[in-house]
Amino acid sequence: MRADRLVAILLLMQARGRVTAAELAGEFEVSVATARRDLEALSAAGVPVYAQPGRGGGWQLLGGARTDLSGLTEGEAQALFLLAGPAAAAAPEVRSALRKLVRALPGPFRADAETAADAVVVDPAGWGARERERPAVVDVLQRAVVRRRKVRLEYIDRARNRSSRLVDPWGLVDKDDVWYLVAGTEKGRRTFRAERIVAAAVTDEPADRPADFELAAAWGEIVDEVERRRSLLSATVLLPARLVPVLRDHFGRHSEVLETLDDGRARVRVAAPTPLMIAQTLAGWGATVQVEGPPEVRAELVRLGRELVEANSYMPAKPLS
């Protein structure tokens, strides 16, 4: 018995007032007996549905009772449709779900909810960049997470080593259009980048998921650990204060303004895993940025500068054809 079918039956009863088991069977492509069991399940769950026997009878909500999506307020309904609206542009299932949700809302909320669904368009591609395609394997992983079934992965790690793993899928995260699977393994919680999953097969074996697991909290811990590793080395730089926002775009959370000087420059601390990575980010700034330290970063900048000079100071003339 599917929970989504029970919800759909309830919404259909609200819209029509009275239905028969035969009508529901035809609507949802199930047997009459299954439809009747679904109605009985709603009643057992506390939904006030009752059967009216005889000619012209059927099932209806007691006293015209209605569900207003768990008592959503007007603001909550608008927030829901603002969030779901952008996804509806790409997913037919979401568009269909939104239409059903609109019918379930109290009348005064519907117009604003429909407007909210069309109020925002999300364009994930930056200027001059192509939109990243969602890996096809994400759909397989989503089904496994919802059904709570173990998944066998063929995975290629950062070192290009390929391995086969049986994991318990706990949740998926979309971070800046890059998808990650958070899963349980023999060695504990692990994170897999979806782009590196070359194959995924859902098994019939139930997945183990800790009773107290919360995906948002787990992902927060993962992000904190990754960002800690990304800020193992810091450097102090001087640059015009007006350019600090640009520098912070390059280094993200790994940048901190220490002070603004009287000459219009700012002293900023930036961080990355290695001196080379800091130098590579700063090399394009030329003389605009002055590195105060550490010496390792300055040395990498000098080396990069020499490489650029050697590679571009002399270009042999091409022979005439």
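Below, all heavy atoms of this structure are taken into account, side chains as well, without hydrogens, waters or symmetry copies.
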Assess whether salt bridge (charged side-chain N to carboxylate O under 4.0 Å, His left out) is satisfied between Arg303 and Glu300, documenting all intermediate values. CA-CA 5 Å; Arg303 184 181 62 79; Glu300 290 290 358; 2.8 Å; yes
Candidate pair Ile222 and Glu225, rule side-chain contact (heavy atoms from CB on, under 4.5 Å), full reasoning: CA-CA 5 Å; Ile222 293 167; Glu225 174 59 23; 5.9 Å; no
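Without hydrogens or angle criteria, Tyr155 side chain to Asn161 main chain gives no donor-acceptor distance under 3.5 Å.
Taking OG1 of Thr260 as the start and CZ of Arg267 as the end, the distance is 10.5 Å to the nearest 0.5 Å. Rounding to the nearest 0.5 Å places CG of Asn312 at 11.0 Å from CD of Glu307. Between atom CZ of residue Arg143 and atom CZ of residue Arg149 there is a gap of 13.5 Å, rounded to the nearest 0.5 Å. Leu282 CG to Gln290 CD: the interatomic distance, rounded to the nearest 0.5 Å, is 12.0 Å. Here the CZ-CE distance, from Arg230 to Met277, works out to 7.0 Å after rounding to the nearest 0.5 Å.
Shown here for Ser234 and Pro294, the closest heavy-atom pair between the two residues is O-CD, 3.3 Å. Nearest approach of Ala271 to Phe251, heavy atoms of both residues: O-CD2, 3.6 Å. A pairwise comparison of heavy atoms in Ala21 and Val32 identifies CB-CG1, 4.0 Å as the closest pair. What you find for Val137 and Ala194 is that their closest heavy atoms are CG1-O, 3.8 Å. Residues Ala279 and Leu301 come closest through the heavy atom pair O-CD2, 3.5 Å.
Counting only residues at least two apart or in different chains, side-chain hydrogen bond (donor to acceptor under 3.5 Å, both in side chains) contacts with residues 268-283 comprise Glu256-Arg269.
The pair Glu40-Arg36 does not meet the salt-bridge criterion, since no charged nitrogen lies less than 4.0 angstrom from a carboxylate oxygen.
In the hydrophobic clustering of ILVMFWY residues, with side-chain heavy atoms under 4.5 Å counting as a link, Val270 and Leu233 come out together.
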Compile the donor-acceptor pairs under 3.5 Å between side chains in residues 200-220 and protein atoms, sequence neighbours left out, one pair per line.
unit_1: Thr203; atom_1: OG1; unit_2: Lys150; atom_2: O; d: 2.9
unit_1: Thr203; atom_1: OG1; unit_2: Glu205; atom_2: N; d: 3.2
unit_1: Arg209; atom_1: NH1; unit_2: Trp170; atom_2: O; d: 2.8

